[in-house]
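Working notes, structure below.
Counting convention: from 1, in listed order, for ligands and their atoms alike.
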Amino acid sequence: MKMILRWFGEGDDSVALWQIRQIPGVSGIAGALQDIPVGEVWPQERIDALKSQVNQAGLEMEVIESVNIHDDIKLGVASRDQYIENYRQTIRNLGKAGVKVICYNFMPVFDWTRSDLAKPLADGSTVLSYEERLIPKDPLKMMEEIERNANGFSMPGWEPERLKELKLLFEKYAGVDAEKLTANLKYFLEAVIPVCEEADVKMAIHPDDPAWPIFGLPRIVNSRENLMTLVKLVDSPYNGLTLCTGSLGSNPENNVPEIIREFSAMGRIHFAHVRNIKIEGYRNFHEVSHLSSDGSLDMFAIMKALYDTGFQGYIRPDHGRMIWGEKARPGYGLYDRALGVTYLNGLWEALTKMSPR
Ligand SMILES: O=C(O)[C@@H](O)[C@@H](O)[C@H](O)[C@H](O)CO
Ligand SMILES: [Fe+2]
């Protein structure tokens, strides 16, 4: 297991590399070039410059989160071929820089969705929350609220240039159901996985967050069943998962430790996002500290499922609370994620010493 932290890049993150370096047991970051428009090739020199900056801080950059997928690929329209070609080139370029895993998602239009980016908890911290009844009926309105509450940071997956055309995008998705979306994912994977095998870069799809369809858009990565369909679309170890406990766990019907055991034993989990959430009711949850007793997920059972199945991939804590007066991108402050790292590393050490391999 390698413990890492997500880092958005100089000027786009309130957290600095030297600070990440001081969290015990963190070997690297999940990096990104946030400014490159979705669909374009990531230039080799930009990737190399980022890598050397990270390496100079004493950290590794073996994971990228995310190389986002252009909606034309998800829609399955003719222009997808050029975007797929670009993606293949980005994979090659990342491979040359020693990147081992690319995290991505296949959610139409939106990445994650929340009704509140700063819900106050009893301890005075704030967290991201999702309450279905508070989600505006109009997606544009939700987008504006997310932008307004993001403390001036761009939120990952909510690229303004793409979301400008929201209405048009929704119209285009009218004819795309779950079946079509799955076929479009297969088409994409069939084109990129051979390149991944050559470049030794693993694809790791992130589940839908939350784990159900929103705004009538299809979603296909949110249960044990459709994860199984997905890994079989192209049966290669390079076609794998980012196992996000908070995303899958938002639906209490998903038994997260069991899902981990199954897919980790198959060698298909390359990256794990480990965080806790508190489920308050039907389609109503908020984020919490990583501690098991603060939320609805059993973090010991989750780490044990990874440990018992010989997990060799990367782990990062996921969103943290905003604590100690920190001002940062919602979910991505330093303090609570650092606490999360330390807690997860503590569980891992206990597992290692209880049953050495
Ligand atoms: O919720 C988050 O902040 C992340 O887990 C996602 O944005 C994740 O990076 C993407 O879905 C992966 O493409
Ligand atoms: Fe995640």
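Listed by atom number, the atoms of ligand 1 under 4.0 Å from C103 heavy atoms are 12 (C). Below 4.0 Å from some heavy atom of S66 lie the following atoms of ligand 1, by number and element: 9 (O), 10 (C), 12 (C), 13 (O). Against a heavy-atom cut-off of under 4.0 Å, Y104 is close to the following atoms of ligand 1: 13 (O).
At a 4.0 Å heavy-atom cut-off, ligand 1 touches N105 through backbone and side chain alike. Residue contacts with ligand 1, taken as heavy atom pairs separated by less than 4.0 Å, involve Y332 solely via side-chain atoms from C-beta onward. For R316, every heavy-atom contact with ligand 1 shorter than 4.0 Å involves the side chain, none the backbone. Here T242 has no heavy atoms under 4.0 Å from ligand 1, in either its backbone or its side chain.
A salt bridge links D209 with R114: the closest approach of a Lys/Arg side-chain nitrogen to an acidic carboxylate oxygen falls below 4.0 angstrom. D308 has a carboxylate O that lies under 4.0 Å from a charged side-chain N of R261, or vice versa, which qualifies the two as a salt bridge. A salt bridge does not link E144 to R148: none of the charged nitrogens lies less than 4.0 Å from a carboxylate oxygen. Remark: R321 engages D123 in a salt bridge, criterion side-chain N to carboxylate O under 4.0 Å. E62 and K2 are joined by a salt bridge, as a carboxylate oxygen and a charged side-chain nitrogen come within less than 4.0 angstrom of each other. Ion pairing between a basic and an acidic side chain is recognised when a charged N comes within 4.0 Å of a carboxylate O; D72 and R80 show no such pairing.
Neighbouring protein atoms of the Fe ion (ligand 2) (N, O or S, distance under 2.8 Å, waters ignored): H206 NE2, C244 SG, H273 ND1, D318 OD2.
Aromatic rings of W212 and Y130 (six-membered ring for Trp) have centroids within the 6.0 Å cut-off, being under it.
Of the possible polar contacts, one joining the S289 side chain to the L291 backbone as a donor-acceptor pair under 3.5 Å is found. Of the possible polar contacts, none joining the H206 side chain to the M107 backbone as a donor-acceptor pair under 3.5 Å is found. Judged by distance alone, the side chain of T309 and the main-chain N or O of L306 form a donor-acceptor pair under 3.5 Å.
When only non-hydrogen protein atoms are considered, atom 6 (C) of ligand 1 lies nearest to D111 OD1, 3.7 Å. With respect to atom 5 (O) of ligand 1, the closest heavy atom belonging to the protein is H206 NE2, 3.1 Å. For atom 1 (O) of ligand 1, the closest heavy atom belonging to the protein is H319 NE2, 3.0 Å. The nearest protein atom to atom 9 (O) of ligand 1, hydrogens excluded, is given as E65 OE2, 2.4 Å; this is a heavy-atom distance.
Using cut-offs of 30° and 60° for the angle between ring planes, the F170 and F215 rings count as perpendicular.
At a 3.5 angstrom cut-off on N or O pairs, R275 does not count as close to ligand 1.
A cation-pi contact, defined as under 6.0 Å to the ring centre and within 45° of the axis, links R329 to F8.
Not a single heavy atom of C244 sits less than 4.0 Å from an atom of ligand 1.
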